[in-house]
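One structure is given here, and the rest of the page talks about it.
Remember, it's 1-based here, ligands and their atoms both numbered in the order they're listed.
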Amino acid sequence: MDAFPIGVFDSGYGGLTVLKELVKSLPEYDFLYLGDNARTPYGTRSFKVVYSYTLQAVKYLFSMNCPLIIIACNTASSKALRTIQQTDLPKIAPDGRVLGVIRPSVEKVAEITKTGHVGILGTPGTVISESYPLELRKWAGEKFKTAVQEACPLWVPLVENNEIDSAGAEFFVKKNIQNILQKDRKLDTLILGCTHYPLLIKLIKKYVPANINIVEQGAIVAEKLTDYLKRHPEIDQKISKNSHIRFQTTESAESFNEKAAFFIGKEISAENIHLG
Ligand code: DGL
């Protein structure tokens with residue numbers, strides 16, 4: 001049976017927080033998850049490197065018959081998505097689609113913020129790219145007033161190394177959250193602008209006051225994708241729907257299976273592939 005799955009790509013495990021929600025919303029769809037665990041993290045790498053790694057992943061997922069790819073990584077969405085959509089896609093897969101995680105999050109902010117003061121927690125790469133402030137200005141409408149950002153360079157390595165309940169994780173989560181809260185006292189919405197961060201949600205909630213909305217991307221991306229597929233039946237009909245999920249990683253499949261099971265909440269069996 002031929003599969004034409006939705007491709008879900010991340011630098012490592014973070015995209016699993018998005019995949020989990022996609023599967024909940026679109027249970028009959030097929031998915032192919034690709035984690036570039038061998039080269040994670042992307043957050044501290046240059047534009048050129050993140051673009052080239054992301055393009056390799058996108059080409060690979062198209063070669064695996066994905067009609068639609070979700071870049072479930074903010075760093076790659078910030079640094080590579082636009083160029084891939086505008087320059088590469090017409091050449092490599094003119095009928096394919098590649099979507100990211102920033103625009104759906106920004107649209108959600110427009111729905112929930114009251115003060116228009118928004119905070120973004122992200123990797124150094126996402127923060128330096130200024131993608132969130134730019135996209136908020138474009139898509140969050142009149143309600144949006146101002147954005148402050150905080151780079152959290154240690155959060156991804158803490159998650160990748162399964163240190164989410166450690167004293168080290170608590171130290172850095174507390175520090176970065178206190179920093180961003182001090183940057184703007186009127187914040188009412190805080191975007192977790194990295195798909196790894198929901199895995200630290202227990203600690204995050206401990207330090208973010210209850211009156212501030214925390215935007216977690218998984219459910220939002222799932223909601224917006226469901227809507228997108230309704231509006232684009234020509235793409236929807238190309239995707240196979242046998243409830244099959246396949247996992248691939250550029251690192252050892254054994255260690256991926258072990259950690260991914262923890263992140264996604266069930267046993268999985270990944271395959272190792274090579275990119276580049
Ligand atoms: N999950 C990626 C993101 O959303 C992780 C980044 C990394 O590899 O540093 O930005």
Side-chain angles (χ1 to χ4, degrees), residues 7-22 33-58 69-82 84 98-106 108 119-135 149-164 169 172-173 176 190-201 204 214-222 224-225 247 249-251 256 259-260 262-264 275-276:
V8 181
F9 169 67
D10 181 47
S11 62
Y13 298 110
L16 293 171
T17 61
V18 176
L19 179 70
K20 202 172 168 183
E21 298 297 329
L22 290 175
Y33 184 88
L34 173 59
D36 192 6
N37 300 76
R39 302 188 292 195
T40 197
Y42 280 12
T44 41
R45 295 187 190 275
S46 68
F47 270 85
K48 209 170 139 202
V49 170
V50 173
Y51 165 66
S52 120
Y53 287 179
T54 307
L55 182 58
Q56 285 169 8
V58 164
I69 297 169
I70 305 291
I71 308 276
C73 174
N74 291 264
T75 310
S77 294
S78 306
K79 294 187 166 191
L81 182 62
R82 182 163 311 171
I84 290 176
V98 185
L99 305 173
V101 285
I102 295 183
R103 176 135 172 220
S105 314
V106 160
K108 193 70 190 179
I120 300 114
L121 299 166
T123 65
T126 298
V127 167
I128 292 165
S129 76
E130 289 280 327
S131 292
Y132 270 100
L134 284 167
E135 297 287 310
Q149 305 193 87
E150 170 79 3
C152 312
L154 289 164
W155 291 21
V156 170
L158 285 163
V159 169
E160 289 286 319
N161 290 289
N162 211 352
E163 290 284 339
I164 54 180
F172 286 107
V173 167
N176 291 123
L190 191 57
I191 303 176
L192 303 189
C194 173
T195 52
H196 281 67
Y197 296 176
L199 294 157
L200 293 163
I201 193 69
I204 294 170
I214 299 176
V215 176
E216 286 187 64
Q217 297 178 309
I220 295 165
V221 173
K224 303 282 180 190
L225 180 63
F247 295 88
T249 173
T250 54
E251 247 298 342
F256 187 90
K259 288 193 191 164
F262 171 71
F263 292 137
I264 205 160
L275 282 183

Smallest separation among heavy atoms of Trp155 and Val173, with atom names
CZ2-CA, 3.6 Å
Just to confirm my output: which protein heavy-atom neighbour is closest to [atom], and how far is it?
| atom | value |
| --- | --- |
| atom 9 (O) of ligand 1 | Gly43 N, 2.7 Å |
| atom 8 (O) of ligand 1 | Ser11 OG, 2.5 Å |
| atom 7 (C) of ligand 1 | Tyr42 N, 3.2 Å |
| atom 10 (O) of ligand 1 | Thr75 OG1, 2.7 Å |
| atom 2 (C) of ligand 1 | Cys73 SG, 3.3 Å |

Just jot down the ligand 1 atoms closer than 4.0 angstrom to any heavy atom of [X], in number order.
| X | answer |
| --- | --- |
| Thr123 | 6 (C), 9 (O), 10 (O) |
| Thr40 | 8 (O) |
| Asn74 | 3 (C), 4 (O), 10 (O) |
| Asp10 | 1 (N), 2 (C) |

Does the pair Ile71 and Val58 meet the rule for a side-chain contact (heavy atoms from CB on, under 4.5 Å), with working shown?
CA-CA 9 Å; Ile71 308 276; Val58 164; 3.7 Å; yes
N/O to N/O below 3.5 Å, does that happen between [X] and ligand 1?
| X | result |
| --- | --- |
| His196 | yes |
| Gly14 | no |
| Thr44 | no |
| Thr126 | no |

Within 45° cone and under 6.0 Å: Lys79 NZ/CZ vs Phe47 ring
yes
May I ask you to decide if Gly122's main-chain N or O and Thr126's side chain share a donor-acceptor pair within less than 3.5 Å?
no
Spell out, as yes or no, whether a donor-acceptor pair under 3.5 Å connects the side chain of Asp10 to the backbone of Gly35.
no
Indicate whether the side chain of Asp36 and that of Ser11 have a donor and an acceptor atom separated by less than 3.5 Å.
no
Can you check side-chain contact (heavy atoms from CB on, under 4.5 Å) on Thr195 and Asn74, steps first, answer last?
CA-CA 7 Å; Thr195 52; Asn74 291 264; 3.8 Å; yes
Salt bridge flag under 4.0 Å for residues Lys259 and Glu251
no
Would you say the ring centers of Tyr33 and Phe9 fall short of 6.0 Å from each other?
no
